[in-house]
Amino acid sequence: MARILITSALPYINGVKHLGNLAGSMLPADVYARFMRLQGHDVLAICATDEHGTPAELAAAAAGQDVRAYCDEQHEIQKSIGEQFGLSWDYFGRTSSPQNAELTQHFAETLEKNGLIAEVVEQQVYSIDDGRFLPDRYVEGTCPNCGFEKARGDQCDNCGKLLDPIELIEPYSAVSGSKNLEVRDTKHLQLKQTVMEERIRAWVDGADGWPSFAKSIAYKWLDEGLRDRTITRDLKWGVPVTKDGQPREGFEDKVFYVWFDAPIGYISATREWAEETGGDWESWWRTDKGADDVRYVEFMGKDNVAFHTVSFPATLLGSEEPWKTVDALKAFNWLTWYGGKFSTSNKRGVFMDQALELLPADYWRWYLTAYGPEGSDAQFTWDHFQSSVNKDLADVLGNFVNRILKFGASRFDGVIPEGGTPGEAEAWLESEVSTRLANIASHYEAMEFRKAAAETRALWAAGNEYLTRAEPWVHFKTDKDQAALGVRTGINLVRLCAITAQPVIPDAAGKILAALGLEGAADWPQGDAKAMLSALGPGRSFAPADILFAKIEDDQVAEWTERFGGAA
RNA sequence: GGCUGGGUAGCUCAGCUGGUUAGAGCGCACGACUCAUAAUCGUGAGGUCGGGAGUUCAAGUCUCCCCCCCGCCA
């Protein structure tokens, strides 16, 4: 039994995530966690909301709420929707937790002791009326490049030029509209990544278990040369900056930059979990306290790769403390909406809460796993979604389960019958089952989700093919024992299909197992195929399940296309 | 304009460090079956791997140039 720590990139707090976010980290992390639990491993799956930063403040302001209240509410919403999607986190924490503040301050102070943090003086816009420094996006004014009058401090939306707030002509506060601004010197902390560069490169060199494109992203950053990063911001909402555990002089109105504290959230959420459950968080994160045998697997979208391969490791390695660093890293590409970007404002794309209004979670889980953006970007289209789900789930799996259970119920009174002599069809199936099960497991081990799903489906197809070969409906007329063998074997195969499908479609798998009278936990099938296919012996009763997956109809697709946008 | 990532059968995608007749699913055509959600099973037709040049005994797979798409940034 191995110990496996799984994290998925933290969803940002400002609203419900879309299907691309789900497909790119949270869902595969869950599928992987479920598979590993089925294998009997000790799994700790951690996620959390990423709550700090300017966008959170802006979103709260837009909602007319206090930031804390806004985050409280949004956190609960995201947690609930995730659970409805079957995301089986062991803990879903928050980066706004006291645990995260403490750990973030600990890391910053430790890094400083190790000479990796410098205090620098920068020039920044100060709003006298607001009584605060204004971060980039809180200053607006006329663009010095194109004359656009509503340019933001970080960038002009009109000409696209990247700006420094102090360059703006006639700047004003986006908070109050006040023009009573001045440029003042202000102190910030910088993480000296330049000093860490060779060390991080060596660490990346030694890494395996990353997709090639993840490694190339890390090298690209390293090749361009790491820059020292300012890790503090002039915001109220965030982790306060401290020194020796006390508020740091000159930093009373500053907090750590969201990208500094967010990945630390993986650790702090584990600590939240430990405090709630009595678990031992250090045994998962400190190699001097038991984590040396932990395999740590991170899931993320490709936009997050640099932060996980360079920035976060810089924090961990720079501390000179025995923190666990990532072992295997799985990065996903983009799920695109008809080849373009998901866009809330343009009414393109489906968000997690909306998806659940349309169809149960398993439909989405299957589609996003079997056709997800794993090796390259993947296109979501309604037509593709409809045809994939209908064929795979309704026709191949649903129909297989349904036909064998119904036939067995009507011909053998819902009791697994005995009798019959295994022949060619059974031999073929045994060979098929052992091949497929081995493939499914090895693809999951390798975190090849599309391939694992394809093999899972191949097992379902083998079920249909077996019935074609065994023809119990034909034998029933002349040789009931032979028909009994087909039914018994078919039902055993249904069980195997359900168990192996659990990581991806847990609800449907549960319904199937319930139909077989197998409520509760089921472990990954053990033994040889012959034994697996006779695990459920004669005499056990079963009942046909309700239709597992209703087909998606054309008029539904038409309606959804109208509602959510489709081909551009 | 710069920088990633792409451009492989009608569609969506696999093809690791170059090596037998380039793969899968869907769709399509034909055949079989009737237990089943008009589901299933079998067979088959489909690709000069974006274009050009080069390296090599051998390139979808390496090098260079060009074209196009998505995304990020300027």
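Lettering follows sequence order; numbering is per chain, from 1. The structure displayed is predicted, hence computed values, not measured ones.
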Check: Across all strands, who's sitting opposite rG1(B) as a Watson-Crick or G-U wobble pair, both distances under 3.5 Å?
Finding: rC73(B)
Check: Is any side-chain N or O of K451(A) closer than 4.0 Å to OP1 or OP2 of rC13(B)?
Finding: no
Check: For RNA chain B, whose closest nucleotide is more 5', that of T336(A) or that of L548(A)?
Finding: L548(A)
Notebook entry, point to check: For rU37(B), does either OP1 or OP2 sit under 4.0 Å from a side-chain N or O belonging to K406(A)?
Noted result: yes
Notebook entry, point to check: Just checking, is any N or O donor in the side chain of N333(A) or S376(A) under 3.5 Å from an acceptor N or O on the other one?
Noted result: no
Check: Which nucleotide, rG71(B), rG25(B), rC41(B), lies nearest any side-chain atom of K341(A)?
Finding: rG71(B)
Notebook entry, point to check: Tell me: CH2 of W428(A) to C1' of rG42(B), nearest whole Å?
Noted result: 12 Å
Next item on the list: Could you tell me whether R365(A) and D30(A) make a salt bridge, using a distance below 4.0 angstrom between a side-chain N and a carboxylate O?
Entry: yes
Next item on the list: Identify whether any heavy atom of A454(A) sits under 4.0 Å from a base atom; if not, whether one sits that close to sugar-phosphate; answer base, sugar-phosphate or nothing.
Entry: nothing
Check: Which nucleotide, rU12(B), rC26(B), rA36(B), lies nearest any side-chain atom of H384(A)?
Finding: rU12(B)
Check: Between atom CG in L405(A) and atom P in rC35(B), what is the gap in whole Å?
Finding: 16 Å
Note to self: Suppose you measure atom P in rC3(B) against the same atom in rU8(B); what distance do you get, rounded to whole Å?
What the structure shows: 24 Å
Note to self: In whole Å, measure the gap between the C1' atoms of rC41(B) and rG60(B) for me.
What the structure shows: 33 Å
Next item on the list: Check whether the side chain of N399(A) and the base of rA36(B) form a donor-acceptor pair under 3.5 Å.
Entry: yes
Item checked: Under 5.5 Å and under 30°: F407(A) stacked on rC35(B) -> no
Next item on the list: Examine rC26(B): is either OP1 or OP2 under 4.0 Å from a nitrogen or oxygen in the side chain of R457(A)? Give yes or no.
Entry: yes
Checklist line | Partner nucleotide, any strand, of rG25(B) [Watson-Crick/G-U, under 3.5 Å] | finding: rC11(B)
Checklist line | Value in whole Å for how far the P atom of rG5(B) lies from CZ of F332(A) | finding: 19 Å
Check: Side chain of R411(A): nearest nucleotide among rC35(B), rU37(B), rC41(B)?
Finding: rC35(B)
Item checked: side-chain N/O K551(A) vs rA39(B) OP1/OP2, d < 4.0 Å -> yes
Notebook entry, point to check: To the side chain of E465(A), which of rG25(B), rC13(B), rC41(B) is closest?
Noted result: rC41(B)
Check: Charged N to carboxylate O below 4.0 Å: is that the case for R201(A) and D205(A)?
Finding: no
Check: Using purine N1 to pyrimidine N3 plus N6-O4 or O6-N4 for Watson-Crick, or N1-O2 and O6-N3 for G-U wobble, each under 3.5 Å, what pairs with rG60(B)?
Finding: none
Next item on the list: Using the P atom as the reference point in each nucleotide, state the distance between rC11(B) and rU55(B) in Å, no decimals.
Entry: 34 Å
Next item on the list: Write down the distance between NZ (K302(A)) and C1' (rG71(B)), rounded to a whole number of angstrom.
Entry: 7 Å
Checklist line | Watson-Crick or G-U wobble mate for rU17(B), both contacts under 3.5 Å | finding: none
Item checked: Between rG50(B) and rG2(B) - P atom distance, rounded Å -> 23 Å
Margin query: Counting only side-chain heavy atoms from C-beta out, which of rC33(B), rU40(B), rU37(B) sits nearest to F549(A)?
Written below: rU37(B)
Item checked: Closest to the D395(A) side chain, choosing from rA36(B), rU34(B), rA39(B) -> rA39(B)
Notebook entry, point to check: More than 12 foreign heavy atoms under 6.0 Å from CD of E357(A): is that the case here?
Noted result: yes
Note to self: For a quick test of reading the model: is some side-chain N or O of T468(A) closer than 4.0 Å to OP1 or OP2 of rC35(B)?
What the structure shows: no
Checklist line | Spacing between K391(A) atom NZ and rA38(B) atom P, to the nearest angstrom | finding: 13 Å
Check: Between the side chains of Q379(A) and Y371(A), does any donor sit under 3.5 Å from an acceptor?
Finding: no
Check: Between F35(A) and F449(A), does a ring pair (Phe, Tyr, Trp, His ring centres under 6.0 Å) hold up when you go through it step by step?
Finding: CA-CA 11 Å; F35(A) 170 76; F449(A) 295 95; 9.2 Å; no
Next item on the list: Determine the Euclidean distance between corresponding C1' atoms of rA22(B) and rG47(B); express it in Å to zero decimal places.
Entry: 8 Å
Item checked: Within 6.0 Å of CD in E418(A), more than 12 heavy atoms from elsewhere -> no
Item checked: Paired nucleotide for rC41(B) [Watson-Crick or G-U wobble; both distances under 3.5 Å] -> rG31(B)
